[in-house]
Amino acid sequence: MSDIRVEKVIQFEDSTYEIMRDLLKDLYPTRPLLSREQCKVVMEDDHSQVFVAKKDGEIVGMSTLAWYRKFAGDKWFIEDVVVDERMRGQGIGSLLNESMLKEAQESGADFIDVDTRSPEAYKFYLKLGFKDKTAERPLFVLRYQLKV
């Protein structure tokens, strides 16, 4: 894994956007492509941090660490973890998650959450040390759809 490097994206660049847009197609196949404007908004938001994994200088994976404040304390989330299909199974997802966990811990987070619809991703996160929140207390996840 020494040839894979994870770094935080410091500023928006068109070349980074294009690769991220293409990676996110795998994660969100039924959603419209990520727009340049939406990418820039997320990358410049004070409550999110984008990480990329690079091999030989080329982006092969990405993830987003996001947080918001509430009265009970900050809520931290791992979002948008995706690795180039050709590079999966090489530990890149683990490296991305390690970087986000370290960043959250250094920023004072008490915990970090991740949601997934994928049984494979669920098992992956359990291997990384995540615990199923429903084991501690009931969790009911609901959504009110505002746009159809």
Side-chain angles (χ1 to χ4, degrees), residues 1-70 74-107 109 111-135 139-148:
M1 284 291 26
S2 61
D3 59 338
I4 304 292
R5 197 175 82 246
V6 174
E7 57 190 52
K8 288 191 281 186
V9 178
I10 304 302
Q11 68 184 40
F12 177 86
E13 294 178 10
D14 280 320
S15 59
T16 303
Y17 154 68
E18 291 168 3
I19 294 167
M20 290 172 48
R21 176 198 62 207
D22 292 344
L23 283 170
L24 288 168
K25 281 193 279 189
D26 280 350
L27 201 56
Y28 303 114
T30 62
R31 304 229 18 187
L33 289 178
L34 176 68
S35 72
R36 182 182 188 283
E37 294 74 26
Q38 180 63 16
C39 183
K40 192 170 184 178
V41 165
V42 171
M43 292 174 97
E44 293 176 352
D45 189 301
D46 289 338
H47 291 133
S48 64
Q49 181 62 62
V50 176
F51 291 78
V52 292
K54 291 184 175 182
K55 180 175 180 163
D56 301 325
E58 298 292 321
I59 296 174
V60 295
M62 65 164 289
S63 59
T64 307
L65 176 64
W67 62 95
Y68 67 90
R69 299 201 181 280
K70 57 183 258 176
D74 295 352
K75 295 269 298 183
W76 292 78
F77 298 91
I78 288 176
E79 299 282 350
D80 306 324
V81 179
V82 62
V83 174
D84 185 307
E85 189 172 43
R86 301 163 295 178
M87 301 296 295
R88 293 180 186 158
Q90 299 184 36
I92 297 168
S94 295
L95 290 174
L96 285 163
N97 277 281
E98 286 172 18
S99 295
M100 290 186 293
L101 292 171
K102 182 179 179 194
E103 178 77 14
Q105 186 173 31
E106 289 174 356
S107 297
F111 60 88
I112 190 164
D113 290 335
V114 64
D115 297 332
T116 183
R117 290 182 180 88
S118 162
E120 294 82 13
Y122 176 79
K123 292 175 191 170
F124 167 75
Y125 285 107
L126 288 175
K127 286 190 338 188
L128 291 180
F130 285 76
K131 306 283 188 252
D132 189 330
K133 291 186 341 182
T134 60
L139 178 67
F140 305 99
V141 181
L142 306 167
R143 174 174 286 164
Y144 188 91
Q145 194 72 36
L146 294 170
K147 292 183 180 179
V148 184

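- Between Leu96 and Val52, the closest heavy-atom pair is CD2-C, 4.0 Å.
- Inter-residue side-chain proximity for Arg117 and Tyr122 is flagged as unmet; no heavy-atom pair is nearer than 4.5 Å.
- Considering only heavy atoms from C-beta on, Lys133 stays 4.5 Å or farther from Val141 through its side chain.
- Put simply, the side chain of Arg88 gets close to the backbone of Val83: a donor and an acceptor are under 3.5 Å apart.
- The aromatic rings of Phe77 and Tyr68 lie parallel to each other, with less than 30° between the two planes, well short of the 60° mark.
- By the 6.0 Å contact criterion, CD on Glu18 is enclosed, its count of non-hydrogen atoms from other residues, nucleotides or ligands being greater than 12.
- Atom CD1 of Ile112 sits about 8.0 Å away from atom CG of Asn97, to the nearest 0.5 Å.
- Under the ring-ring contact (aromatic ring centres under 6.0 Å, His included) criterion, Phe51 pairs with no residue at all, not counting sequence neighbours.
- Separation of atoms CE (Met62) and CG (Asp22) is listed at 11.5 Å; rounding is to 0.5 Å.
- At distances below 3.5 Å, not a single donor-acceptor pair connects side-chain atoms of Glu106 with backbone N or O atoms of Leu101.
- Distance check: Met43 CE to Met20 CE gives 4.5 Å after rounding to the nearest 0.5 Å.
- Smallest separation of non-hydrogen atoms from Thr64 and Ser48: CG2-CB, 4.2 Å.
- With values rounded to the nearest 0.5 angstrom, Lys54 atom NZ is found 6.5 Å from Thr16 atom OG1.
- Closest heavy-atom contact between Ser118 and Thr116: N-OG1, 3.0 Å.
- Using a 30° and 60° split on the angle between ring planes, Trp76 and Trp67 fall in the parallel class, below 30°.
- The number of heavy-atom neighbours closer than 6.0 Å to CD of Glu58, taken from other residues, nucleotides and ligands shown, is 12 or below.
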- Task: Go through Lys102 and Val6 one step at a time and tell me if the side-chain contact (heavy atoms from CB on, under 4.5 Å) criterion holds.
- Result: CA-CA 12 Å; Lys102 182 179 179 194; Val6 174; over 6 Å; no
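- Here the shortest heavy-atom pairing between Lys40 and Phe12 reads CA-CD1, 3.7 Å.
- Asp45 places no side-chain N or O within 3.5 Å of a backbone atom of Val41 that could act as its donor or acceptor partner.
- Atom-to-atom distance recorded for Arg31:CZ and Lys25:NZ is 15.5 Å, nearest 0.5 angstrom.
- Looking at Asp84, its side chain does come within 3.5 Å of a backbone N or O of Arg86 through a donor-acceptor pair.
- A donor-acceptor distance shorter than 3.5 angstrom exists from the side chain of Tyr17 to the backbone of Leu34, with no hydrogens or angles considered.
- Taken from CD1 in Ile78 to CG in Leu65, the straight-line distance is 7.0 Å, to the nearest 0.5 Å.
- Of all the heavy atoms in Lys147 and Gln145, the pair that sits closest is O-NE2, 2.7 Å.
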